[in-house]
Amino acid sequence: MLLIYCPYCEEERSELEFRHGGDAHIARPTNMADITDEEFQDFFFLRDNPKGLIFERWRHIHGCGRFFNAARDTVSDKFVMSYKAGEPKPDLSGATPATEKPLTEKVGETHEATEGTAK
Amino acid sequence: MRKYSVFAVAREAMRGHKGWEAQWTSPEPRKEYDVIIVGGGGHGLGAAYYLAKEHGITNVAVIEKGWLGGGNTGRNTTIIRSNYLYDESMDIYEHSLKLWEGLSQDLNYNVMYSPRGVMMLSHNVHDKQSFQRHVHANRLYGIDNEWLTPQQAKDFVPVLDISASARYPINGAALQRRGGTARHDAVAWGYARAASDRGVHVIQNCEVKGIRRGPDGAVIGVETSKGYIGAKKVAVSASGHNSVILSMADVKLPLHSVPLQALVSEPMKPIFPCVVMSNSVHAYISQSDKGELVIGAGTDQYNSYSQTGGLQIITHTLDAICELFPMFRRVKMMRQWGGITDNTPDRSAIQGVTPVKNLFVNCGWGTGGFKATPGSAHLFAHLIAKGEPHKLASGLTLDRFRTGRLIDEAAAAAVAH
């Protein structure tokens, strides 16, 4: 079982309090009706599924209830860091092999971006 | 290849078992093959066998990072069934089940296929309606599946607790009598032996490090830990690592890899006649011929390649097992392990061409790939040989995530299957 640091509660809690929320930093297109099927597939279904460093969302569902992001190694399952929603994707390229590609997609106003400042 | 038979056993018994030959050869890789299959599990080895047997393509190599069947082929709970809801799923799993029925004879290798029945327990009104829908869909499609009352279920599995005061009361069950189990290692070994006999190279301890492509973008070979090997076609069937391999050719898949755990108990006398699954409380259990209870647990919620899993997942399953079968409460668990499953959003497999020429993929079998082994391998061989899917696998293509023609077994089963 993982021990997960919630950046809002500022403490490590057991995985039982959390729900995994899929990949982080995926921007929902702002013009959903206009995008092609390929673009929708890319946004909605296709994932890197990396062996190594992954950026993912967690929700502290049995705690503060808030979404946050974390960087974790998918081989050792060890967390590198967790950070509040809306904060930019940290540059961990020095710490881990450069398997991650830089985020090149056009970033719209994401749910995460607005939620980070919510009270 | 010397045929296995009762006479061979008798002959070897007479001379101290010194005449048994290696089941498959371990050749050095050639410079080039017609087909390279990445992944030496049941699906990959089976595809190589059917390529040789049915399509006459014998210049084939199966490349495996570790040892044969050391991935998910050797890490599952060996359940075989075909009682899925949608036509596309029924097509491929029933095709597979029919191949299971004659597999030992076909391979001249005892895969110990045992059609002992797979029972799925219903605990509430929703389960009952859902399972009866499956039963009707299956029977209309010509697949056996029947509905049992709680008493009929108990007659079939006497150790089942159907009392009204049970923690998880049982209001019926669906039973597929042709479902059952098989010996997972034997499936990999049997396919490897039969394929090797037909000239297929089985290359173990050889990790694929890259996929080399020609000027037109088509695949021309793979970089491995044993050097570069050329190939006219490359077919990837690497279960949890499909995303990793395909990313070497810049193909992105709709997969996430998560650990799925299983465990076995100490061996006991025969007590458990079939496979029992409870989707609602998440427990799968059967008894192996060696006498161990074989128990399947759930998946972890996060992406991982760790081949382990959280203790709370198996605790949850054992809680359910102990409630359903109170007599197992003091049974000791001997071993636990995890496998990495590649799951699609609709929990149905993907088998088809990729955007890269001469690169084929067989992935997304998720938590239910073992039962599909012969069928998947057979249809994958057809895909590799002909360049287009067999009609039984025509719905499993990668482009369904673009067109929206999903095969939503996830919603139909409401559980990892």
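First the proteins, then the strands, lettered A, B, ... as listed; each starts at 1. Quick caveat, the model's predicted, so the values are computed rather than measured.
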Output the residues of residues 33-41 of chain A for which the shortest heavy-atom distance to chain B is under 4.5 Å, in residue-number order; output 'none' if no such residue exists. A:Asp37, A:Glu38, A:Gln41
Looking at every non-hydrogen atom in both residues, tell me the closest pair between A:Thr74 and B:Asn303 and how far apart they are. CG2-O, 3.7 Å
Can you confirm whether more than 12 heavy atoms, excluding those of A:Glu12, are under 6.0 Å from its CD atom? yes
Rounded to the nearest 0.5 Å, what separates atom CZ in A:Phe45 from atom CG in B:Asp346? 7.5 Å
Taking only heavy atoms into account, what residues of residues 308-317 of chain B are found under 4.5 Å from chain A? B:Gly310, B:Leu311, B:Gln312
Output for pair (B:Arg402 CZ, A:Asp42 CG), nearest 0.5 Å, gives 13.0 Å
B:Tyr305 to A:Asn49 - nearest heavy-atom pair and separation: OH-O, 2.7 Å
Is the number of heavy atoms from other residues, nucleotides or ligands within 6.0 Å of CE (B:Met333) greater than 12? yes
Do the non-hydrogen side-chain atoms of A:Asp23 and B:His256 ever get within less than 4.5 Å of each other? no
Between the CG atom in A:Leu46 and the CG atom in B:Leu398, the distance rounded to the nearest 0.5 Å is 7.5 Å
My understanding is that only residues two or more places apart in sequence, or in another chain, count here; which of them pass side chain to side chain donor-acceptor pair (under 3.5 Å) with B:Asp300? none
Are a donor atom and an acceptor atom from the side chains of A:Asp77 and B:Ser304 found within less than 3.5 Å of each other? yes
Return yes when atom CZ of A:Phe44 has more than 12 non-hydrogen atoms of other residues, nucleotides or ligands closer than 6.0 Å, and no otherwise. no
Compare all side-chain heavy atoms of B:Leu255 with those of A:Arg47 and state whether any distance is below 4.5 angstrom. no
How about residues 13-20 of chain A versus chain B: which residues have heavy atoms under 4.5 Å apart? A:Glu15, A:Leu16, A:Phe18, A:Arg19, A:His20
